[in-house]
Amino acid sequence: MFWLSCAPVVRTCVVRSRSTSPPPARRTGSRTGATNPDTPSFSPDGKWLWFLSDRTFSLSNGSPWGDRNIGPAFPKRTGIYALALQAGERFPFQPATELDPADKKPDADKKDAKKKDIDKKKPLSAIEWAGLATRLYQAPVPAGDYSGLGVSDDYLFTIDSSGSGDGPGDLKSIHIDNNEHKIETYAAKISDFDITPDGKTLLTISRKGKNAPDLLLTPAGEKQPKELAGKKIELDHLRLRIDPGQEWSDEFVDAWRLHRDHYYDRDLHGVDWKAVRAHFAPFVDRLGDRADLDDLLGQMVAEIGAMHSQLHAPTTVDQPASSLIAGLGAHLTHEDNGFRIDHIYQGDRDLPDQQSPLAAPGVDARDGDLIVAVNGQPTAGQPDLGSLLADQAGKQVLLTLSRAGKEHKVIVTPVPYMKERDLRARDWEVGRADVVDRASHGRIGYLHLQSMVGDDMEAFAREFYANIDKDGLIVDVRGNTGGNIDSWVLTQLMRRPWMFWGRYGNAPSVDMQQSFQGRLIVLSDEMTYSDGETFSQGIKSLHIAPLLGERTAGAGVWLSDGDRLIDNGNARTAENPYFDLNGHWLVENKGVSPDIEVENMPVATFNGQDQQLDAAIAWLRKDMADHPRMDLKPEAFPVQQPAAPR
């Protein structure tokens, strides 16, 4: 799908593409769910239905053994398949055989059809449903990480993202023939594409950072032409005259309809939704800007009280003001002569690339130093250091530091605002890990999950297995902002050791592999949100460990993020609630209550205490004393008795 995102009144328009997928429904009585067929595309002649499907499973990591080998991986699962829609059709990739008449080879058929210039207006043949499932073919090309499928008379087109991670992949052309079926890269780094119904022209979309994407219309052949003059869809001068008031009025109605149609409770908890619209509609005429609309929508959707019914402002290609803010990765205090470095944020000491600018290798800066100049400009009298660091993120900056009355200079590279926020969060984590390590004399491990997304899977793999041999472990999801990896994390924590490998007196290794053998406790609080709450509920429901802290936020209904407004703003609708084995709805608007309630009091927190963490350490120390780990020592090997003499 494509839409135009434009600034109010007279605005430059940017074409974007999107594809959203809600959580899949469970299928029973069919293998369709096991193969995930996707992207159906008819051939131009109407004889074939091509599609992608995940049917190739080749193990990439060999066995379940090895450091941080968390599970089997099956990349490159997607193959290209086709259904013959009428009986008797010959698969275009099928090689010629000795049974084919000499003057009737498959490729000759194809050439003859082109020479005859078949009338495209001729009605397509009806689908012959009888025996359709038996007329399934697989294209003779390697499976890959494919997405999207286009079909012409001579080529198949698909984006291969193998090895590109989340980035754009290469658009491949696959020649449809009965011999070589040559695969070429039609164009590199393509985000999305489409093909005209006649299979003759491709629309390719490529993105370069945050800039508007490049859209090209090129012939659907083996490779994209090298000369692209006149092929680009120019958007720079495209303008639309918009009446903001009318657009906001339309978006108000659309947001109301999206909640009416997509909200998880068809009865909207008994709220008279038509009356709600009638109540708020008169305020639309009083809106002054787009932010006012979000305020109004927020008040309207609050009437049905779902935590995930949220508003996101429209995105633009304009550089946000926050991108100009740069930081040094430290807590600073303003003084008459400059800015005092109170505390340099600390990262993992084993990861130099994750250190804050002032803690980077080779930078001589310490807590207590005074920043007296930035790029030669004195800091005395400056109300805020941000004015001297504006737009300096990623650039070399000269700092003049004063230590014990002596000045010296260092070169640092400030980081963007969002990166400094991450550094501050990491410093918080490192500080708590140090507290736990010192208080337990190294017997208890600690890990914190900021969210439940891909970065946190990486963090879990790094931190959990670094602590797997500890006697105790604290898993902290306080402030967790959510995502969707709860089941994966729970699976790792549910693994239990049941046997041990011992050889020549070496330390035994465990089976199940990499399972935690110590005592466990989980921390959550009122800022634990969304999938952080689902994880917390799973900890309780599955009796994995006690939950300590405060009741969580109460955002228990999941969503697909597919409810977009015309300007690409998001009127999120809570869509997918979940319940337990007894049919009771979980989490939404009530949160997850801890087994052990501990509140971090404001004054104590201000003074640097973490009462919840202290309580978790105390609980684990007692639990470890009550349930000490067994000394793993195998019995002696049996001694073979000598055979009795005959």
Student: With R257, which residues qualify under salt bridge (charged side-chain N to carboxylate O under 4.0 Å, His left out), at least two apart?
Tutor: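 So R257 forms a salt bridge (charged side-chain N to carboxylate O under 4.0 Å, His left out) with D254.
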Student: CE of M527: more than 12 outside heavy atoms within 6.0 angstrom?
Tutor: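 It does not: M527 CE has 12 such atoms or fewer within range.
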Student: Quick check: closest heavy atoms across L297 and A255, and the distance to 0.1 Å?
Tutor: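 What the structure gives for the nearest pair is CD2-CB, 3.7 Å.
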Student: With sequence neighbours left out, write down each residue that passes salt bridge (charged side-chain N to carboxylate O under 4.0 Å, His left out) with E251, or none if nothing qualifies.
Tutor: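 For E251, the residues satisfying salt bridge (charged side-chain N to carboxylate O under 4.0 Å, His left out) (neighbours in sequence not counted) are R290.
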Student: Under the salt bridge (charged side-chain N to carboxylate O under 4.0 Å, His left out) rule, what pairs show up with a residue in residues 448-462, not counting sequence neighbours?
Tutor: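 Residue pairs with at least one partner in residues 448-462: there are none.
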Student: Using a strict 4.0 Å threshold on nitrogen-to-oxygen distance, state whether K232 and D214 make a salt bridge.
Tutor: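 Salt bridge present between K232 and D214.
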Student: With R495, which residues qualify under side-chain hydrogen bond (donor to acceptor under 3.5 Å, both in side chains), at least two apart?
Tutor: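 So R495 forms a side-chain hydrogen bond (donor to acceptor under 3.5 Å, both in side chains) with Q513.
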Student: State which residues pass side-chain hydrogen bond (donor to acceptor under 3.5 Å, both in side chains) with E303; sequence neighbours excluded, sorted by chain then number.
Tutor: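 With neighbours one apart ignored, the set is empty.
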Student: Can you confirm whether the side chains of D54 and T78 place a donor and an acceptor under 3.5 Å from each other?
Tutor: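 Judged by distance alone, the side chains do pair up.
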Student: Check whether W256 forms a cation-pi arrangement with R277 (NZ or CZ under 6.0 Å from the six-membered ring centre, at most 45° off the ring normal).
Tutor: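 Yes, R277 sits over the ring of W256.
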Student: The criterion is salt bridge (charged side-chain N to carboxylate O under 4.0 Å, His left out); which residues satisfy it with D476, sequence neighbours excluded?
Tutor: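 Salt bridge (charged side-chain N to carboxylate O under 4.0 Å, His left out) check on D476 returns R478.
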Student: For the residue pair D563 / T573, report whether a side-chain donor-acceptor contact shorter than 3.5 Å exists.
Tutor: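 Judged by distance alone, the side chains do pair up.
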Student: Y186: what forms a ring pair (Phe, Tyr, Trp, His ring centres under 6.0 Å) with it, not counting sequence neighbours?
Tutor: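 Applying ring pair (Phe, Tyr, Trp, His ring centres under 6.0 Å) to Y186 gives F157.
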Student: Between R572 and D561, does at least one N-O distance fall below 4.0 Å, as a salt bridge requires?
Tutor: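 Between D561 and R572 there is a salt bridge, with a charged N closer than 4.0 Å to a carboxylate O.
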Student: For P40 versus F51, what's the shortest heavy-atom pair and its separation?
Tutor: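 In this case the closest contact between P40 and F51 is CA-CB, 4.1 Å.
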Student: Where does the angle between the aromatic ring planes of F464 and F460 fall among parallel (under 30°), tilted (30 to 60°) and perpendicular (over 60°)?
Tutor: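 Rings of F464 and F460: parallel, under 30°.
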Student: Could you report the tightest heavy-atom contact between H259 and L268, atom names first, then the distance?
Tutor: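 Taking H259 first and L268 second, the nearest heavy atoms are O-CD2, 4.2 Å.
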Student: Write down the atom of I195, the atom of A220, and the distance for their closest heavy-atom approach.
Tutor: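 That closest heavy-atom pairing would be CD1-CB, 4.3 Å.
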Student: Could you verify whether a donor N or O on one side chain and an acceptor N or O on the other, from S191 and S206, lie under 3.5 Å apart?
Tutor: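 The criterion, which ignores hydrogens and geometry beyond distance, is not satisfied for S206 and S191.
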Student: Measure the shortest side-chain to side-chain distance between Q450 and W428 over non-hydrogen atoms and say whether it is less than 4.5 angstrom.
Tutor: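 A side-chain contact under 4.5 Å is absent here.
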Student: Please name all residues satisfying side-chain hydrogen bond (donor to acceptor under 3.5 Å, both in side chains) with E463, sequence neighbours left out, ordered by chain then number.
Tutor: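 Applying side-chain hydrogen bond (donor to acceptor under 3.5 Å, both in side chains) to E463 gives R426.
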Student: Only counting residues at least two apart or in another chain, list the ones meeting ring pair (Phe, Tyr, Trp, His ring centres under 6.0 Å) with H269.
Tutor: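 H269: ring pair (Phe, Tyr, Trp, His ring centres under 6.0 Å) contacts with Y263, Y264.
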Student: Between D160 and K172 (side chain of the first, backbone of the second, donor and acceptor by atom type, cut-off under 3.5 Å), is there such a pair?
Tutor: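 Not at all, since once roles are kept as given, no pair shorter than 3.5 Å links the two residues.
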Student: Using salt bridge (charged side-chain N to carboxylate O under 4.0 Å, His left out) as the criterion, list what pairs up with E588, not counting sequence neighbours.
Tutor: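 Per chain and number, E588 pairs via salt bridge (charged side-chain N to carboxylate O under 4.0 Å, His left out) with no residue.
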Student: Residues two or more places apart in sequence or in another chain: which of them pass side-chain hydrogen bond (donor to acceptor under 3.5 Å, both in side chains) with Y146?
Tutor: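 Applying side-chain hydrogen bond (donor to acceptor under 3.5 Å, both in side chains) to Y146 gives none.
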Student: Applying side chain to side chain donor-acceptor pair (under 3.5 Å), which residue pairs with at least one partner in residues 535-550 are found, sequence neighbours left out?
Tutor: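 Output for this query lists Q537-S541.
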